[in-house]
There are 2 protein chains.
Amino acid sequence: MARQRKKFVRKSIPFRKDSLISATLSLIATEGIDAATVRAIAKHADVTPGLIRYYFSTKEDLISAAYKRHMSTLTGASHVSLQSMENVKPAERLAAFVSASLTPPVVDPGSVALWAAFLNRIQNDEKIRIAHKEAYYDFRDRLEVLIGDVFAQLGKNVKACELVRLAIASNAVIDGLWLEGGALPDAFKPGEIAEIGLKSIGAIIGVALPKGAYEYENHSAG
Amino acid sequence: MARQRKKFVRKSIPFRKDSLISATLSLIATEGIDAATVRAIAKHADVTPGLIRYYFSTKEDLISAAYKRHMSTLTGASHVSLQSMENVKPAERLAAFVSASLTPPVVDPGSVALWAAFLNRIQNDEKIRIAHKEAYYDFRDRLEVLIGDVFAQLGKNVKACELVRLAIASNAVIDGLWLEGGALPDAFKPGEIAEIGLKSIGAIIGVALPKGAYEYENHSAG
DNA sequence: TCACTAATTATACAATTGTATAATTTCTAT
DNA sequence: ATAGAAATTATACAATTGTATAATTAGTGA
């Protein structure tokens, strides 16, 4: 008889790490943090539990890596929206950024659940606390730049501390809407959250933000 | 020799339930959800693990009860601020409500951690999902009434759907600021969050909200 | 004082958890 | 082809978990 089928296939280190991180995120998002046991994660990644320890020295290491990837996914989605918009009016760039942050896949129950699961560890896990802080300031600073650009183009002169205040407030609007949209997906119509976000941030900074920006709304209605 | 010291004291049902719920909340808030084991909770409540099952048929029951109490604590804190303000101008009542929601003890790391721990279960635990939904709408509706009163007093006519939108947006501002203030307590000066909240919501609804409302700010500055 | 009820503790148990280590299998270089 | 290194699986283990049940203890009314 022919040689028996292979019992496993060797994969590269990045591949396996990615698989395990993806499996971890997927499990936490869909079944909650308690479901993310080493055995469940391994099964989800089509791998044996022992392999986890081969790539991550401890489970906390894996969780920490998963957190970082989730955060970069979140912030990355908003960031991508600004590429190829170099020559677009500042107000439209800001609107695109806000829209992207308040539209699927950023606004998503699993995404919020994931974030909440990690937030729970923020107090007792320094790695996660630092990562959270960095992600928060990164996002807020980007928002501040975008808002500053809008004012610059309009010739408005705004004090630095005032600009910070507006960025904090705009960030809060996005966070709050993102949260509610993800936690209570049935409570809002599609597009409603992004629309409210645009109007609200527009009111806060005193500049109307164009609605229905680019890729995020259906073009047929424009 | 005298009779040996009592090995335990009998307490009333509400007392023990309260103790156990408090211990649960305290543990989750300070050490995270994983630390809230039946044994740790019992120890925290100066009780034997077995007693938990005497008052709560399952651990999930206890967790669920703890969630409800936490939510009513949160919303209650904002609600109390409106009592004995029946004859105050609507804008000041709204301001007091916002201030109370964005000031300790509502804004607090433990409070946010607690809320995040429960949010993680929102997808897979129907009881918690329903409780969350109710708490959200309860808070938002109250906000909507307060905003509506402000407009009524100013003689402004605002459509119902527009009022809802403003309540959603204001709620998002509060949620976002509350979250960031609790998760990153060092990132903000005392009173800064409440101040930003008042200005932002004021901008959103188009009505300046009085700062330094009542009990929440130091009276010496007034 | 004394039984009786209900609250509390004590003990036990099976399942699950993270981790450690030994045993295999695959792939690559020679 | 084959040996050796590296990746993967297999197995084991002690600790912890939620829960169930039996054994005590405290308070109450007669």
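Proteins come first, then strands; the chains are lettered A, B, ... in the order of their sequence lines, and each starts at number 1.
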Contacting residues from residues 115-131 of chain B, given that a heavy atom lies under 4.0 angstrom of DNA chain C: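 Going residue by residue through residues 115-131 of chain B, none turns out to have a heavy atom under 4.0 Å of DNA chain C.
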Mind listing the residues from residues 29-53 of chain A sitting with a heavy atom below 4.0 Å of DNA chain C? Number order is fine.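 A:T37, A:V38, A:R39, A:R53 - these, ordered by number, are the residues of the stretch whose heavy atoms sit under 4.0 Å from the strand.
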Tell me whether the OP1 or OP2 atom of [N] has a side-chain N or O from [X] closer than 4.0 Å.
{"X": "B:K6", "N": "C:dT8", "result": "no"}
{"X": "B:Y55", "N": "C:dT8", "result": "yes"}
{"X": "B:T58", "N": "D:dG18", "result": "no"}

Once you round it to whole Å, what is the distance between [atom2] of [N] and [atom1] of [X]?
{"X": "A:L62", "N": "C:dT19", "atom1": "CG", "atom2": "C1'", "result": "14 Å"}
{"X": "B:I63", "N": "D:dT17", "atom1": "CD1", "atom2": "P", "result": "13 Å"}
{"X": "B:K11", "N": "D:dT28", "atom1": "NZ", "atom2": "C1'", "result": "18 Å"}
{"X": "B:K7", "N": "D:dA26", "atom1": "NZ", "atom2": "C1'", "result": "12 Å"}
{"X": "A:I13", "N": "C:dC27", "atom1": "CD1", "atom2": "C1'", "result": "14 Å"}

Short side-chain to backbone donor-acceptor contact, A:R140 and A:I168, under 3.5 Å: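 Checked: no pair found.
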Can a donor-acceptor pair be found, under 3.5 Å and without considering hydrogens, that links the side chain of B:W178 to the backbone of B:S101?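 No; zero donor-acceptor contacts below 3.5 Å.
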Whether B:R142 and B:D138 form a salt bridge (side-chain N of Lys/Arg under 4.0 Å from carboxylate O of Asp/Glu) is what I want to check.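 Salt bridge: yes.
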Can B:K199 and B:E195 be counted as an ion pair, charged N to O under 4.0 angstrom?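 Salt bridge: yes.
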Pair A:R165-B:S200, side-chain hydrogen bond (donor to acceptor under 3.5 Å, both in side chains): steps then yes or no: CA-CA 9 Å; A:R165 212 208 80 211; B:S200 304; 4.8 Å; no
Please tabulate, one pair per line, all N/O donor-acceptor pairs under 3.5 Å involving side-chain atoms of residues 58-67 of chain A, not counting sequence neighbours.
{"unit_1": "A:K59", "atom_1": "NZ", "unit_2": "A:A36", "atom_2": "O", "d": "3.0"}
{"unit_1": "A:D61", "atom_1": "OD2", "unit_2": "A:S57", "atom_2": "OG", "d": "3.2"}

Need to verify one output field. Residue with the more 5' nearest nucleotide on DNA chain D, B:F8 or A:F8?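 That would be A:F8.
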Look at the rings of A:F139 and A:F97 and say which category their plane angle falls in: under 30° parallel, 30 to 60° tilted, over 60° perpendicular.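 The rings of A:F139 and A:F97 sit tilted, inter-plane angle from 30° to 60°.
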Compare the minimum distances between each of D:dT8, D:dT19, C:dT8 and the side chain of B:R16, then state the nucleotide with the smallest one.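 From the listed options, C:dT8 comes nearest.
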Can you name the closest pair of heavy atoms from A:H132 and B:A183 and give their distance?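 Of all heavy-atom pairs spanning A:H132 and B:A183, the closest is NE2-CB, 3.8 Å.
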If you look at every heavy atom in A:L209 and A:A95, which pair is closest and at what distance?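 That closest heavy-atom pairing would be CB-CB, 4.3 Å.
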